[in-house]
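See below for the structure under consideration.
Basis for what follows: all heavy atoms, side chains included, without hydrogens, waters or symmetry-related copies. All chains are named by letter (A, B, ...) in the order of the sequence lines, taking the proteins before the strands, and each is independently numbered beginning at 1.
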Amino acid sequence: MSNEKAILALLQGCNSLKRLRKIHAHVIVSGLHHHVPIANKLLNFCAISVSGSLAYAQLLFHQMECPQTEAWNSIIRGFAQSSSPIDAIVFYNQMVCDSFSIPDTFTFSFVLKACERIKAERKCKEVHGSVIRCGYDADVIVCTNLVKCYSAMGSVCIARQVFDKMPARDLVAWNAMISCFSQQGLHQEALQTYNQMRSENVDIDGFTLVGLISSCAHLGALNIGVQMHRFARENGLDQSLYVGNALIDMYAKCGSLDQAILIFDRMQRKDIFTWNSMIVGYGVHGRGSEAIYCFQQMLEARIQPNPVTFLGLLCGCSHQGLVQEGVKYFNLMSSKFRLKPEVKHYGCLVDLYGRAGKLDKALEIVSNSSHNDSVLWRILLGSCKIHKNVTIGEIAMNRLSELGATSAGDCILLATIYAGEKDKAGVARMRKMIKSQGKKTTPGWSWIEIGEQVHKFVVDDKSHRYSVEVYEKLREVIHQASFFGYVGDESISSLDMLSTMETLKTSCTYHSEKLAIAFGLARTADGTQIRIVKNLRVCRDCHSFIKAVSVAFNREIIVRDRVRFHHFKGGECSCNDYWVMVGRIIMVGQLVQMKTKDASRVKNVFFHVGWRKEERKRGLCA
DNA sequence: TTAGGGTTAG
């Protein structure tokens, strides 16, 4: 065997840098360091292998007299997957400007990977131009890399254009496009792409499923999610860790926590995503105790928690009113698990205290937090609304103003607190602030899935194709609900003074969730569950309304709002009205005022909404 | 000799 062949064989079996150095020394002694295949092999090992060394690779590269494309590819690839992807771009620039070597499809794939990792948008576009000039714009792998790269920058339109122009798309390209939409929050587009994929008879695999299931989770599209689950089972993909994790999250986010638990229990292997999905699932359903139990099991399974774990735990504690436990886990984060709480964790802590009415403590935390973040003050302001605390509410608002972060939503929160105190001047100030600063409210919307179609309703929606039917049904539903305890928001009368405020004028009557529920009642079979996904928090009026509807129409209604889940059944809600405690008392007061007019109706109302204590207290029952 | 796709929070 020739010396060259012997060295190449040695390099083939090389598995450590130490051994490689010995081979390199032998290469130099043999005068073969300019032998191109040997030099390339040495470089490739150092640049790519886990036991290689990029520093050594650079040394070898610079010793090359005239590196060919293969050598450039090795060094660019090595840096693209390293902790310093920018160096991959530096080498690519050198290759293009200072060498005679021409980039090929591999070069473009590697440099695009580097662009994606550091979100180098301009460079990505420049490389895209070179791809076209070099005639590689029909290459399925390079184009898939471009789709991924543009997706990482959030340039979904360009990613879609690249995808659409591809002369042939394989499964990986379709999956990249679906993931792009899913990751950018364009979930309906992800599902539409899947439909297009199906119409072109492309088979799907586990990767496709994960993106689609994730989109179903965000949309609350349980019916489609169940179909995906069925497909996974029939094709043996439900054993995949990724698919299982996505399913747990989907079922939890679509309100079927029991199904999520079932999948979780059956998973053979569980990783941090599995545990977190379950803990977060318990958390957003307000089941703090179970989130804690799950967390303890996770530790027993020797899985180390991460910041997401604690968000789930804190969310559960906050919504179940487990103040002490929440504080304990917040402290454990840093003391035991060496995780530095982020602003979101502080947000949970402020919410935990604020929701429980411990506003002084919540204020102390926001004031002392190194995170001078408007989000924390906004959470505090929200708690002040629940507990009608003007003083701390004003402090929060002032801080928001100082931070230049006041929104129309904040003004409305404080205006509502003032209105509750009959403070007309305060309300007027908020009105002025909204008008003078031209602040806009976030329009509320709700989704409802009917069959395989997700319908979106916005507040006062007249654009939906079935608008006439929806409004007609809603009038009937409100009428029916009024026999079961729905009397309209207690704050409406006190907010009369707000009625002149243009931006606050929107009636609670046509909030998006009411329109979606009316549509759901009209379009689904008696007794079936109705599930709604909403972008904002459910307001107090809608909360009362849905409770009454659940009993009037004998429907289980599950609402996922911005913060948590509400399971309405038989006139009760799973949140136990934890966040509307103050509102409940006022509402009872209003009902008692009605008593003089129609005592039997008031009794009926109390019965159906389950306020037995109130009934007894007011002598309406034994 | 070298390439492309996946899940939790926000």
Side-chain angles (χ1 to χ4, degrees), chain A residues 8 11-12 36-37 40-45 47-49 68-78 80-81 103-113 116 136 139-149 151 162-163 166 169-180 182-183 185 190 204-218 232 237 240-250 252-253 260 263-264 267 270-284 298 305-315 342-345 347-348 375 562:
Chain A
L8 283 169
L11 281 168
Q12 196 70 40
V36 174
N40 280 343
K41 196 80 187 166
L42 280 166
L43 173 66
N44 194 266
F45 177 88
I48 313 300
S49 166
Q68 300 298 297
T69 301
E70 187 182 333
W72 285 104
N73 286 354
S74 289
I75 199 83
I76 294 170
R77 182 187 176 195
Q81 63 192 34
D104 62 8
T105 53
F106 294 101
T107 324
F108 289 125
S109 291
F110 300 140
V111 75
L112 284 169
K113 172 65 117 188
E116 181 194 331
Y136 293 127
D139 184 284
V140 68
I141 297 178
V142 173
C143 287
T144 305
N145 272 312
L146 279 167
V147 168
K148 270 207 75 194
C149 201
S151 167
V162 172
F163 179 78
M166 285 168 76
R169 305 176 198 106
D170 63 7
L171 177 59
V172 180
W174 281 98
N175 288 349
M177 196 63 244
I178 289 174
S179 297
C180 165
S182 184
Q183 284 162 5
I204 70 171
D205 66 0
F207 287 86
T208 331
L209 276 182
V210 170
L212 292 173
I213 294 169
S214 168
S215 282
C216 290
H218 285 95
L237 296 167
S240 146
L241 182 64
Y242 282 95
V243 173
N245 292 347
L247 283 170
I248 292 170
D249 179 56
M250 185 274 291
K253 283 210 174 83
I263 293 171
F264 176 81
M267 296 256 302
K270 295 183 177 81
D271 66 1
I272 184 71
F273 284 87
T274 325
W275 289 98
N276 281 356
S277 297
M278 199 64 252
I279 291 169
V280 170
Y282 279 127
V284 294
M298 174 181 168
N306 70 10
V308 180
T309 322
F310 286 94
L311 286 177
L313 270 178
L314 293 170
C315 175
E342 298 159 18
V343 68
K344 290 164 221 157
H345 299 97
C348 287
V375 172
R562 191 169 57 79

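In this structure, the aromatic ring of F273(A) is not positioned over the six-membered ring of the base of dT8(B) within 5.5 Å between centres and 30° between planes. The aromatic ring of Y242(A) is stacked on the base of dG6(B), with the two ring centres less than 5.5 Å apart and the planes inclined by under 30°.
Between the side chain of H218(A) and the backbone N or O of G185(A) there is no donor-acceptor pair closer than 3.5 Å. Side chain of S214(A) to main chain of V210(A): no donor-acceptor pair is present (N/O by atom type, distance under 3.5 Å, no hydrogens or angles). Remark: the backbone N or O of T208(A) is paired with a side-chain donor or acceptor of D205(A) at under 3.5 angstrom.
At the heavy-atom level, S277(A) lies under 4.0 Å from the strands shown only through sugar-phosphate atoms. Residue-level contact check: Q12(A) touches neither bases nor backbone, having no heavy atom under 4.0 Å from any strand. Among the protein residues, L247(A) comes within range of no part of the nucleic acid, since none of its heavy atoms lies under 4.0 Å from any strand. Residue-level contact check: N40(A) touches neither bases nor backbone, having no heavy atom under 4.0 Å from any strand. Looking at heavy-atom distances under 4.0 Å, T105(A) makes contact with a base. Among the heavy atoms of the strands, none lies under 4.0 Å from K41(A). Within 4.0 Å (heavy atoms only), H345(A) reaches no atom of the nucleic acid at all. As judged by a 4.0 angstrom heavy-atom cut-off over every strand, V147(A) is placed among residues making no nucleic acid contact.
Cation-pi geometry between R169(A) and F163(A) is met: the NZ or CZ atom falls under 6.0 Å from the ring centre, inside 45° of the normal.
Distance CG (L237(A)) to C1' (dG6(B)): 12 Å, rounded to an integer number of Å. As rounded to whole Å, 5 Å separates atom P of dA9(B) from atom NE2 of H218(A). Atom CZ of R562(A) and atom P of dA9(B) are 15 Å apart (whole Å). Atom-to-atom, CH2 of W275(A) to C1' of dT8(B) comes out at 14 Å; the value is rounded to the nearest Å. Remark: P of dT8(B) and CG of N306(A) are 12 Å apart, rounded to the nearest angstrom. Rounded to whole angstrom, the span from the CG atom of L112(A) across to the C1' atom of dG4(B) amounts to 10 Å. If you measure from atom CD1 of I272(A) to atom P of dT7(B), you get 16 Å, rounded to the nearest angstrom. For the pair Q183(A) CD and dG4(B) C1', the computed distance is 14 Å after rounding to whole Å.
Closest approach of K253(A) to A217(A), counting heavy atoms only: CB-O, 3.5 Å. Here the shortest heavy-atom pairing between L212(A) and A190(A) reads CD2-O, 3.8 Å. Across A260(A) and I248(A), no two heavy atoms sit closer than the pair CB-O, 3.5 Å.
Among residues two or more places apart in sequence or in another chain, the side-chain hydrogen bond (donor to acceptor under 3.5 Å, both in side chains) test is passed with T69(A) by none.
Closest approach to the V308(A) side chain among dT7(B), dT8(B), dT2(B) is made by dT8(B) (side chain taken as heavy atoms from C-beta onward). Relative to the side chain of D271(A), the nucleotides dT7(B), dG10(B), dG6(B) differ in distance, and dT7(B) lies closest. Counting only heavy atoms from C-beta on, S240(A) has its side chain closest to dG6(B) among dG6(B), dA3(B), dG4(B). When each of dA3(B), dG6(B), dA9(B) is scored by its nearest atom to the side-chain atoms of S179(A), the top-ranked nucleotide is dG6(B). Nearest to the side chain of N145(A), among dG6(B), dG4(B), dA9(B), sits dG4(B). Candidate nucleotides dG4(B), dT8(B), dA3(B) were compared by shortest atom distance to the side chain of N276(A), and dT8(B) ranks first. The listed nucleotides are dG4(B), dA3(B), dT7(B); the one nearest the side chain of F110(A) is dA3(B). When distances run from any side-chain atom of D249(A) to the nucleotides dG4(B), dA3(B), dT8(B), the shortest one goes to dT8(B).
No N or O donor and acceptor, one from the side chain of N245(A) and one from the base of dG6(B), sit under 3.5 Å apart.
Taking a 4.0 Å limit (strictly below) on heavy-atom distances, residues 205-214 of chain A reaches DNA chain B at D205(A), G206(A), F207(A), V210(A), S214(A).
Contact annotation: K253(A) reaches the phosphate of dA9(B) (side-chain N/O to OP1 or OP2, under 4.0 Å).
No hydrogens or angles considered: nothing links the side chains of S277(A) and N245(A) as a donor-acceptor pair under 3.5 Å.
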